[in-house]
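Every chain is numbered from 1 and lettered A, B, ... according to where its sequence line falls, protein lines coming before strand lines.
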Protein chains: 2
Amino acid sequence: MPRVVDHAERRTKFIVASWGVIANEGLNAATLRRVAAAAGVTTGALTHYFTDREALLVEALRAAHFAAGARMLRAAGKLDDDRKRLLAVLEEALPLDNRRLQEWRVWLAFWGEAVGSLALSEENQRRIEEWRDFAETLVLPLVPPGQSTAVVAMSLVALIDGLGVRLALAPAASLASERRDARASIARAVASLGAETTAERKATQNQGGKGV
Amino acid sequence: MPRVVDHAERRTKFIVASWGVIANEGLNAATLRRVAAAAGVTTGALTHYFTDREALLVEALRAAHFAAGARMLRAAGKLDDDRKRLLAVLEEALPLDNRRLQEWRVWLAFWGEAVGSLALSEENQRRIEEWRDFAETLVLPLVPPGQSTAVVAMSLVALIDGLGVRLALAPAASLASERRDARASIARAVASLGAETTAERKATQNQGGKGV
DNA sequence: TTTGTTATATAACAAACGATATGTCAAGGG
DNA sequence: CCCTTGACATATCGTTTGTTATATAACAAA
């Protein structure tokens, strides 16, 4: 009897609409009216699928985390070599295209707001821990015996976060060159990581091969 | 004839009050009424010193940048050794005490809002460039001849930003251990920076003057 | 004391917000 | 054909916001 629609499809439509508003106009601009308008409907439709504004925003953040996590797992699965896999995942994490740039701006907006909101800070903390654990497994076979895997992984994660923030805030004019520098930065970090284990045995190979 | 007050002192009082509100309750909570109450006055006093809410916030951001910059310059001036100076400045940049933690949370809040506001993004961009230029001058004597100074500096700045974000968002329970890891992370980064220049060329043995 | 000027409190107001209630239309089973 | 049910638009309420206007208090000079 009821008029039938795809609930999941509607919800993701609103999620995507809220991503666009947040990334382009900031989290404050993501009002119920504004998000509904961006999705081409009115607030009546939006409140039909999300009880609260906060529920919408938390789900938007969660969905962004999930999408990014899925992409990174896919990037990791393609490669066999440990160092190449690490590099591929780190590159996948950076905002090197517009979709990922939007994602980073969404995260950035939520980070600022996470201070005052318990639900947001918990969701953020969850993502941070997952991302760090994943990085540790990737880094494990590459870390030299004398060093702490946790510290090495934390350093790489922090490097990605810092580069991501920088790219997310970069003006459009300098975005291309900043992206180039960011890729060179993580290439250097991964190369110097190997230099103390494998490359030291092979001696002098990566000096001209990968340096930028 | 006029009733005389110290204008600069009043303005900084409001700036400091807004820092506290932003760091503890988020940027959205930093309304005129809330900031005025945190400063112990009403909105009438606040609007007497700042034309806009935006003017107050921009000045709060600018003042936070200025305070941090002054601290880092002071940290740099104390030391002569290049590597020690770099490490000291990087440690000074991290949120290792409550005052700096508050500062980082203020920045984080503004980063999220900078997307939608031209004035905020410009002020942010200014600070990012100054910080990068400063890092380049510190890194210059330590970077090996084959590598790009800009990339090395960018890597270190990104590392600091990533660690700072992580610490700014860390729950109070794990803050102490996270701070320890962060210090280990930058110590490792600075040490590995020297390892590729002086140590590699001089065979890692005899370094009386400039050793780690 | 008087007077003029500034600092601050108080009050008012329109705009925008989240939330909710109500109305309307579409779709299918009886 | 009717009637139920869900999807959605529209309208409204109470609250909070930034901003502005007005009133009061403080204070220095005349």
Side-chain angles (χ1 to χ4, degrees), chain A residues 1-18 20-22 24-61 109-110 112-113 115-120, chain B residues 1-22 24-61 109-110 112-120:
Chain A
M1 328 173 190
R3 179 176 166 193
V4 56
V5 297
D6 187 342
H7 263 240
E9 180 261 341
R10 285 287 199 276
R11 287 175 72 92
T12 59
K13 190 180 75 170
F14 288 125
I15 298 287
V16 170
S18 68
V21 175
I22 293 167
N24 292 325
E25 308 167 39
L27 191 57
N28 276 345
T31 66
L32 293 185
R33 300 172 220 273
R34 187 77 193 79
V35 171
V41 295
T42 64
T43 65
L46 190 47
T47 60
H48 194 69
Y49 291 93
F50 299 91
T51 64
D52 263 312
R53 176 175 182 259
E54 192 183 41
L56 168 67
L57 296 182
V58 168
E59 193 136 347
L61 178 59
F110 278 117
E113 209 68 9
V115 176
S117 162
L118 183 64
L120 291 183
Chain B
M1 327 179 194
R3 179 179 169 193
V4 55
V5 297
D6 187 342
H7 264 238
E9 179 262 341
R10 285 285 200 278
R11 289 176 69 93
T12 60
K13 189 180 74 171
F14 289 126
I15 297 287
V16 171
S18 68
W19 286 349
V21 175
I22 293 168
N24 292 326
E25 309 168 37
L27 191 56
N28 275 346
T31 67
L32 294 185
R33 289 165 171 83
R34 186 77 192 79
V35 171
V41 294
T42 63
T43 65
L46 190 46
T47 60
H48 194 68
Y49 292 92
F50 298 91
T51 64
D52 264 307
R53 176 174 182 259
E54 192 182 42
L56 167 68
L57 296 182
V58 168
E59 193 136 349
L61 178 57
F110 278 117
E113 209 68 8
V115 177
S117 162
L118 183 64
L120 291 182

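- B/E54 and B/S117 get closest at one heavy-atom pair: OE2-OG, 3.5 Å.
- Taking each heavy atom of A/A17 and A/V35 in turn, the nearest pair found is CB-O, 4.0 Å.
- Rounding to whole angstrom units, CG of residue B/L27 and P of D/dT17 are separated by 13 Å.
- What separates CG of B/N28 from P of C/dC17 is a distance of 12 Å, to the nearest Å.
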(request) Would you write the dot-bracket representation of DNA chain D, where each base gets (, ), [, ], | or . depending on whether it forms a Watson-Crick or G-U pair under 3.5 Å and with which partner? (result) ||||||||||||||||||||||||||||||

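- In this structure, A/R34 places its CZ atom 10 Å from P of C/dC17, rounding to the nearest Å.
- The phosphate of D/dC8 has OP1 or OP2 within less than 4.0 Å of a side-chain N or O from A/R10.
- For A/V115 against B/E25, the heavy-atom pair with the smallest separation is CG1-N, 4.3 Å.
- Here the straight-line distance linking atom CG of A/L61 with atom CD1 of A/I22 works out to 8.5 Å at 0.5 Å rounding.
- With rounding to the nearest 0.5 angstrom, the CZ atom of B/R34 is 14.0 Å from the OG1 atom of B/T43.
- Distance, A/E25 CD to C/dA16 P: 14 Å, rounded to whole Å.
- Among the heavy atoms of the strands lying under 4.0 Å from A/T42 is at least one base atom, whether or not backbone atoms are also near.
- B/L32 comes within 4.0 angstrom of a nucleotide base, judged by non-hydrogen atoms across all strands.
- Checking side-chain atoms of A/R11 against main-chain N and O of A/F50 turns up no donor-acceptor pair under 3.5 Å.
- Across the protein-nucleic acid pair, A/H7 atom NE2 and D/dG6 atom C1' stand 8 Å apart, rounded to whole Å.
- Among the nucleotides D/dG18, C/dG18, D/dT10, the one closest to any side-chain atom of B/R53 is D/dG18.
- Heavy atoms only, all atoms of each residue included: A/K13 and A/V41 are closest at NZ-CG1, 4.1 Å.
- Nucleotide D/dA7 holds its P atom 12 Å from the CD atom of A/E9, rounded to whole Å.
- Rounded to an integer number of Å, the gap from A/R33 CZ to C/dG18 P is 7 Å.
- The residue B/F50 sits apart from the nucleic acid: no heavy atom pair falls under 4.0 Å.
- Look at B/H48 and you won't find any side-chain N or O under 4.0 angstrom from OP1 or OP2 of C/dT8.
- Between B/L57 atom CG and D/dT19 atom P the separation is 10 Å, expressed in whole Å.
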